[in-house]
Amino acid sequence: MSNTVKAILDAKGRDVVTAGPHTTVSEAAVILSKKKIGAIVIVGMENKISGIFTERDVVHAIAKAGAACLDQSVASLMTAKVYRCHEDSTVNDLMGLMTSRRFRHVPVETNGKLVGIISIGDVVKTRIAEVELESEQIKAYIAG
């Protein structure tokens with residue numbers, strides 16, 4: 001048994017912090033810090049995903065260009081090839097995807113539109129709840 005992305009979003013909410021491609025790295029860093037999040041989905045016309053900008057992108061940009069990168073647009077530094085999931089994706093699907101691709105955030109799309117985001121924290125929290133439920137069910141079965 002594995003929970004779906006829809007169940008996670010129904011429980012946590014569907015709010016996603018987004019920004020446009022012309023947002024500067026400095027502005028994006030402020031958003032990440034104020035919102036206490038690790039990623040911003042970069043959207044273009046009609047709320048379509050054009051990229052994702054993460055804390056790692058900030059670190060890589062500073063390491064490569066120093067403080068000068070702070071005035072660059074996120075479009076020049078974001079990950080443009082964004083892996084997406086759908087509401088019927090499972091926690092197990094996401095664990096495999098996040099592990100193999102080494103990222104921590106997956107936008108959720110329905111009919112080409114952004115409808116949520118799942119973080120590695122959401123996946124871990126859900127998986128822990130599943131394991132605890134399984135454990136309780138086994139204990140109840142054994143106790144008769």
Side-chain angles (χ1 to χ4, degrees), residues 1-65 69-70 72-144:
M1 177 180 115
S2 186
N3 280 319
T4 63
V5 166
K6 181 181 182 331
I8 295 171
L9 292 177
D10 287 347
K12 83 167 204 158
R14 295 170 181 273
D15 291 340
V16 182
V17 176
T18 62
H22 301 296
T23 302
T24 65
V25 171
S26 178
E27 292 167 336
V30 168
I31 294 168
L32 290 167
S33 177
K34 281 187 177 178
K35 298 284 187 175
K36 298 180 180 170
I37 56 174
I40 301 169
V41 178
I42 308 304
V43 294
M45 301 296 284
E46 298 179 12
N47 207 32
K48 294 205 185 259
I49 299 168
S50 60
I52 191 164
F53 189 77
T54 69
E55 296 166 316
R56 286 181 182 176
D57 294 324
V58 174
V59 170
H60 290 300
I62 292 171
K64 186 175 180 181
C69 74
L70 296 174
Q72 287 182 266
S73 72
V74 293
S76 64
L77 301 165
M78 70 185 183
T79 301
K81 185 177 180 181
V82 180
Y83 286 87
R84 299 156 168 89
C85 66
H86 303 281
E87 290 191 49
D88 61 348
S89 300
T90 67
V91 170
N92 289 341
D93 295 338
L94 291 176
M95 283 192 305
L97 182 65
M98 290 175 159
T99 300
S100 67
R101 297 292 179 176
R102 299 184 54 122
F103 50 74
R104 300 178 185 150
H105 301 87
V106 181
V108 183
E109 238 181 16
T110 298
N111 298 322
K113 302 274 182 165
L114 178 64
V115 296
I117 190 164
I118 300 293
S119 72
I120 191 69
D122 299 326
V123 170
V124 169
K125 180 180 174 183
T126 301
R127 187 64 189 122
I128 288 170
E130 287 176 351
V131 169
E132 288 174 347
L133 177 61
E134 289 169 7
S135 174
E136 290 303 315
Q137 289 172 338
I138 290 169
K139 288 176 188 174
Y141 176 76
I142 291 170

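Side-chain contact between Ile118 and Val123: present, with at least one pair of heavy atoms (C-beta onward) separated by less than 4.5 Å. The shortest side-chain heavy-atom distance between Ile31 and Val17 falls under the 4.5 Å cut-off. Between Val43 and Leu114 there is a side-chain heavy-atom pair separated by less than 4.5 Å. With contacts defined as side-chain heavy-atom distances shorter than 4.5 Å, the pair Val5/Leu94 qualifies. Using a 4.5 Å heavy-atom threshold, the side chains of Ser50 and Met78 count as touching. Here the side chains of Pro107 and Ile52 are in contact, with some heavy-atom distance below 4.5 Å. You'll find the side chain of Phe53 stays beyond 4.5 Å of the side chain of Thr23, heavy atoms only. Between Ile8 and Val91 the shortest side-chain heavy-atom distance falls below 4.5 Å.
A donor-acceptor contact shorter than 3.5 Å links the side chain of Asp93 to the backbone of Thr90. Judged purely by atom type and a 3.5 angstrom limit, Ser135 has no side-chain atom pairing as donor or acceptor with the backbone of Val131. A donor-acceptor pair under 3.5 Å links the side-chain atoms of Thr4 to the main chain of Ala7, judged by distance alone. Proximity of a side-chain donor or acceptor of Arg127 to a complementary backbone N or O of Lys125 within less than 3.5 Å is not detected.
One distance of note links CG of Asp57 with SG of Cys69; it measures 10.5 Å at 0.5 Å rounding. Of the inter-residue distances, the one linking Ile49 atom CD1 with Ile117 atom CD1 reads 8.0 Å to the nearest 0.5 angstrom. Lys6 contributes atom NZ, which lies 6.0 Å from atom CZ of Arg14 (distance to the nearest 0.5 angstrom). Summarising the geometry, atom OG1 belonging to Thr24 is positioned 8.0 Å from atom CG belonging to Leu70; distances are rounded to the nearest 0.5 Å. Here OG1 of Thr79 is found 9.5 Å from CZ of Arg56. Values are rounded to the nearest 0.5 Å. Ser119 contributes atom OG, which lies 6.5 Å from atom CE of Met98 (distance to the nearest 0.5 angstrom).
Smallest separation of non-hydrogen atoms from Ile42 and Gly20: CG2-C, 3.9 Å. Looking at every heavy atom in both residues, Val74 comes nearest to Ala28 through CG1-CB, 3.7 Å. Listed here is the closest heavy atom pair of Ala65 and Gln72: CB-OE1, 4.4 Å.
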| request: Start with the C-alpha gap between Leu77 and His60, add the side-chain angles, then the distance that decides, and say whether side chain to side chain contact (heavy atoms under 4.5 Å, CB included) holds. | output: CA-CA 9 Å; Leu77 301 165; His60 290 300; over 6 Å; no

| query | Is there a side chain to side chain contact (heavy atoms under 4.5 Å, CB included) between Ser89 and His86 once you walk through the steps? | reply | CA-CA 5 Å; Ser89 300; His86 303 281; 4.3 Å; yes

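Salt-bridge annotation for Asp122 and Lys12: present, with a side-chain N of the basic residue lying under 4.0 Å from a carboxylate O of the acidic one. Salt bridge Lys48/Glu109: absent, no basic N to carboxylate O contact under 4.0 Å.
Crowding of Arg104 atom CZ: a count of heavy atoms from other residues, nucleotides or ligands under 6.0 Å not exceeding 12.
Sorted by first and then second residue, the ring pair (Phe, Tyr, Trp, His ring centres under 6.0 Å) pairs involving residues 89-134 (not counting sequence neighbours) are Tyr83-Phe103.
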